[in-house]
Amino acid sequence: MVRVLPDVAALDKTFDYVVPDGWDGDVRIGTVVRVSLHGRRVGGWVVADGVTPPAGIRLRPLAKVTGWGPPAALVDLAEWAAWRWAGPVRAVLRSASPPGAVRGLPPAPAPPNVAGGPPPNVAGAPPPNVAGAPAPPNAAGGPTPPNVAAAHDGNDPLTVDALARHRAVVRLPPAADPYPFALAAARRGEALVLTPSVEQAVQLARRLRGDGVPVALAPRDWARAAAGGSVVVGARAAAWSPVPDLAAVVVVDAHDEAYREERSPTWNAWEVAAERARRAGVVCVLLSPCPTLEQLAWGDLLAPSRSTERAGWPAVEIVDRRRADPRSGLYSDRVVALIRSGGLVACILNRKGRARLLACAACGELLRCEHCDGGLAQNDDGDGLRCRRCTRSRAAVCQACGATRLRRLRPGVTRVREELEALAGRPVAEVTGDSDHLPDAGVLVGTEALLHRLGAADAVVFLDFDQELLASRYRAAEQALALLTRAARLVGGRGAGGRIVVQTRVPGHEVLRAAVHADAGRLTGPELARRADLRLPPATALAVVSGDAAGFVAALGPGVEVLGPTDGRWLVRAPDHATLAAALAAAPRTGARLRVEVDPARE
DNA sequence: CGGACAAGCTGA
DNA sequence: CAGCTTGTCCGG
């Protein structure tokens, strides 16, 4: 008899079934099955076997074995994650299950470490072809760009040191190649290597295969991973990939927000992978130019030498705009000179459209919506105005004096492109998240999505960095530094000659000091103090609870603090995650709509 | 979730 | 009171 968790929304409950004769070999914990439940057939997972069902219930037999599912250890881990992030186990088990039915596993390849790798913890023969083939993780393949700092091989002291620990956080500068860590982990056996994006995983998998490592690319090669003998490489959900004999975990760019699952439960792949490594008793190495405070609290920080870290960052130039002539708008002399000088320049402004806020040029009144009083933005075609709150449109006329000449207080990317083109004297193209090809222009303007689209640039300009530095999200400072590291990837290390230019009215901000000095550690102390002072993570644990059923939080406590509701959202604060999870376990299990976001992305 | 069943509403 | 909607309950 087995216990089954049905894959049915709003039903976080298990039911017991009889395993029909002769099915025993195909049914184990994690197996994906179909069962009849209340007159219909639904999918689900076996979550326990050899169970004693409650008395007085006539058990039904399993209806069907769909195929392989997550191994028992991952079912257990899924239950932990569902508790830790206060969401349904079902959602986590979906992430841990193969994309389609897996009827059988392929034969396992020869163990990945037969290719002459050293035994664990011992620096042995140098691995083949490591230092010769570095590529940045975001390169679209092909030959090595010249602007990448020379990679250390898998026997670099930093790599050896990291792999010899239980929990290592390696502050790898932006231009450094993470590959040697992946290869060194692969030489230990079945390693799990996570990257923020699928493309990076594909790249890394290709390079590992080139070095003779058997690789399963998640989620496509789920069955191959489950068969064992392969290194598993993938993006966020690969944290749930089967790895039968886990030997090591490496998380590339562990600070990246892409590791956070957006749907509830909002698990984070680095934390899942780290817990997995802990349970398996193997090393977990987080790589990041800018580790988060949570990560620094979790593991041992290993930083390269000052000279190595400096070499892995480009020059970062701060343009102090505190005394700038307001008529110069977003364009300092420095930026104008740079865009005229040639080369590929990427200008970043995190504001879409033509203008996000307008004032009357005649009377100075802010343009507001007549219906809801919200601020008005200019439509992309330049004609009408649109309310940012209620999305109603109206003509571009001042509601106070009737004048039609308007001043743009917060120009957006579309308008900035026109202005930059006039200043640059050469074509300037706007790149948005949804334009599917990169325009062929020397100067590109876009939101930060441009940094994701572009492989390389000679310079990256942040036209208004203060909105990143001063954003109200509590992680704003870390996110701003992450933005600078992404820009650094495009322009390469110090030796490559590229640069980052940052326009700001807060030139002394720790984020900027950290980037200028190529030392993310300069942000850590002040930021940690700020978070502790405001009782924000990692000093506390937070969750945002919303939806029709969210009212239950009002009765929570003691031990947790409940704020709100504002806009139908409650903020729940606890001294630590165990307390938070225990409190949120009181959430109604079924029925009305409820969203629980532990470690909220915004706030 | 979605089916079953009960209680409530409506119109002839 | 049939026929339909709405609400509540429950699943092995």
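Keep in mind it's a predicted model, so treat the numbers as computed, not measured. A, B, ... follow the sequence lines: proteins, then strands. Residue 1 opens every chain.
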Worksheet item: When all nucleic acid strands are considered with a 4.0 Å heavy-atom cut-off, which category describes A:R3: base, sugar-phosphate, or nothing?
Response: nothing
Worksheet item: What is the nucleic acid contact for A:P54, judged by heavy atoms within less than 4.0 Å: base, sugar-phosphate only, or nothing?
Response: base
Whole angstrom value for the distance that separates [atom2] of [N] from [atom1] of [X]:
X: A:K13; N: C:dG12; atom1: NZ; atom2: P; result: 9 Å
X: A:R94; N: B:dC1; atom1: CZ; atom2: P; result: 12 Å
X: A:I57; N: C:dC10; atom1: CD1; atom2: P; result: 13 Å
X: A:L37; N: C:dC10; atom1: CG; atom2: P; result: 14 Å
X: A:R60; N: C:dG12; atom1: CZ; atom2: C1'; result: 8 Å
X: A:F15; N: B:dG2; atom1: CZ; atom2: C1'; result: 13 Å
X: A:D7; N: B:dG2; atom1: CG; atom2: P; result: 12 Å
X: A:L5; N: C:dG12; atom1: CG; atom2: P; result: 15 Å

Fill in: Donor + acceptor pair across side chains of A:D599, A:W85 (<3.5 Å)
yes
Discussion item. Checking side-chain polar atoms at under 3.5 Å, does A:E257 have a donor or acceptor matched by the opposite partner on A:Q479?
Written reply: yes
Worksheet item: Going by heavy atoms closer than 4.0 Å, what residues in residues 19-27 of chain A are next to DNA chain C?
Response: none
Practice prompt. For DNA chain C, determine which residues of residues 63-72 of chain A have any heavy atom closer than 4.0 angstrom to one of its atoms, and list them numerically.
Written response: none
Worksheet entry | Validation row: A:P61, A:W23 side chains within 4.5 angstrom (heavy atoms) | no
Item to complete: State, yes or no, whether a side-chain contact exists between A:P70 and A:P242 at a heavy-atom distance under 4.5 Å.
Response: no
Is the shortest side-chain N to carboxylate O distance from [X] to [Y] below 4.0 Å?
X: A:R475; Y: A:E294; value: yes
X: A:E271; Y: A:R84; value: yes
X: A:R535; Y: A:E561; value: yes
X: A:R486; Y: A:D256; value: yes

Write out a two-atom table: protein N or O, nucleotide N or O from nucleotides 3-5 of chain B, distance below 3.5 Å.
none

